[in-house]
Amino acid sequence: MGFLDILLGRTKAVAPDLDQLFGLPSAALTLQAAAGFTPTGTGAVCFASVEGGAFAQAHQEVQELLDADAERTGPPVEVSRDEYGYSWLVSRREPDDLPALVSDLHAVNSALEGSGFGPQLLCSVIGFQDTGQRRLGLVYLYKRGTFYPFAPLAGEAQRRDNALELQVKAVLADDLRIEQDFSRWFPIWGAPGL
């Protein structure tokens, strides 16, 4: 970082560390013990779609790679588009097979990054719920290398359970690299699995 960057308040971007995703299985155990949330078995990677043959080819290869997994049970990997125009590659596994789900998300991120489409990656999310059917997503921000909790309120039109999000932040502070800038805790309305 140069002198002008310091004067102007600019900071260097944090390099993504996809290996942070592998901390999710142990964080899930902490989350279950402290707050009663268990994985739903659904995870997704969100990315900005790009027109062109190279991106379509990389996207197709990622989907084929995950669908070729002989251990996969249930539906194949799905691709959906949200109301904001972002694409979601959705993987479903048995709720107790979180390591396989995390491996799927890591593979998607790594493959797109390796094909030169890292700037299009936005986030990855894994869904959780408690016995009261409250929903929670642990969101990994690709460009920040951090996580944050997102807890949409059931039956409410785009409202969040901020108290639950802060509780989860405190519970997982020792397990995951939590995003400290609350303005980066973006709502992901309509995310698959939430």
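Keep in mind that the numbers below use all heavy atoms, side chains included, and drop hydrogens, waters and symmetry copies. These numbers were taken from a predicted model, which means no experiment stands behind them. Residue indices begin at 1 and follow the sequence shown.
Two residues are said to be in side-chain contact when any heavy atoms from C-beta on lie closer than 4.5 Å; Leu141 and Phe186 meet this criterion. Side chains of Trp88 and Val45 form no contact here, defined as non-hydrogen atoms less than 4.5 Å apart. Contact check for Leu101 versus Asp97: no side-chain heavy atoms found under the 4.5 Å cut-off. Annotation: side chain of Thr38 is not in contact with side chain of Pro95 (no heavy-atom distance under 4.5 Å). With contacts defined as side-chain heavy-atom distances shorter than 4.5 Å, the pair Leu89/Leu112 does not qualify. Ser80 is listed as a side-chain neighbour of Pro192, based on a closest heavy-atom distance under 4.5 Å. Side-chain contact between Tyr142 and Glu113 is present, with at least one heavy-atom pair separated by less than 4.5 Å. Residues Thr42 and Ser91 have side chains not in contact (no heavy-atom distance under 4.5 Å, counting atoms from C-beta outward).
Linking Ile, Leu, Val, Met, Phe, Trp and Tyr whenever their side-chain heavy atoms come within less than 4.5 Å puts Leu166 and Phe37 in one cluster. A continuous path of Ile, Leu, Val, Met, Phe, Trp and Tyr side chains, each step under 4.5 Å between heavy atoms, connects Val108 with Phe22, placing both in one hydrophobic cluster.
Within 6.0 Å of the CG atom in Asp174, the count of heavy atoms belonging to other residues, nucleotides or ligands does not exceed 12.
Distance check, rounded to the nearest 0.5 Å: CZ of Arg93 to OG of Ser103 gives 8.0 Å. How far CD1 of Ile126 is from CZ of Phe147: 8.0 Å, rounded to the nearest 0.5 Å. Here the straight-line distance linking atom CD1 of Ile178 with atom CH2 of Trp185 works out to 7.0 Å at 0.5 Å rounding. Interatomic distance, Thr146 OG1 to Tyr140 OH, rounded to the nearest 0.5 Å: 7.5 Å. Atom CD of Glu165 is separated from atom CZ of Phe182 by 9.5 Å, given to the nearest 0.5 angstrom. Atom OG1 of Thr30 and atom CG of Leu176 lie 8.5 Å apart (nearest 0.5 Å).
Shortest non-hydrogen contact noted between Leu98 and Pro25 is CD2-CA, 3.7 Å. Considering every non-hydrogen atom in both Pro149 and Leu136, the closest pair reads CB-CD1, 3.9 Å. Shortest non-hydrogen contact noted between Leu121 and Lys143 is O-NZ, 2.6 Å. Minimum interatomic distance between Phe150 and Pro187 (heavy atoms only, all atoms of both residues): CE1-CA, 3.5 Å. Nearest heavy-atom pair, Ser26 versus Asp175, reported as atom, atom and distance to 0.1 Å: O-OD1, 4.1 Å. Between Ala48 and Tyr86, the closest heavy-atom pair is CA-CD2, 4.0 Å.
In this structure a side-chain-to-backbone donor-acceptor pair under 3.5 Å is present from Glu179 to Asp181. In this structure, Ser124 contributes its side chain and Leu105 its backbone to no donor-acceptor pair below 3.5 Å.
Taking the charged nitrogens against the carboxylate oxygens, Arg92 and Glu78 do have a contact shorter than 4.0 Å, which makes a salt bridge.
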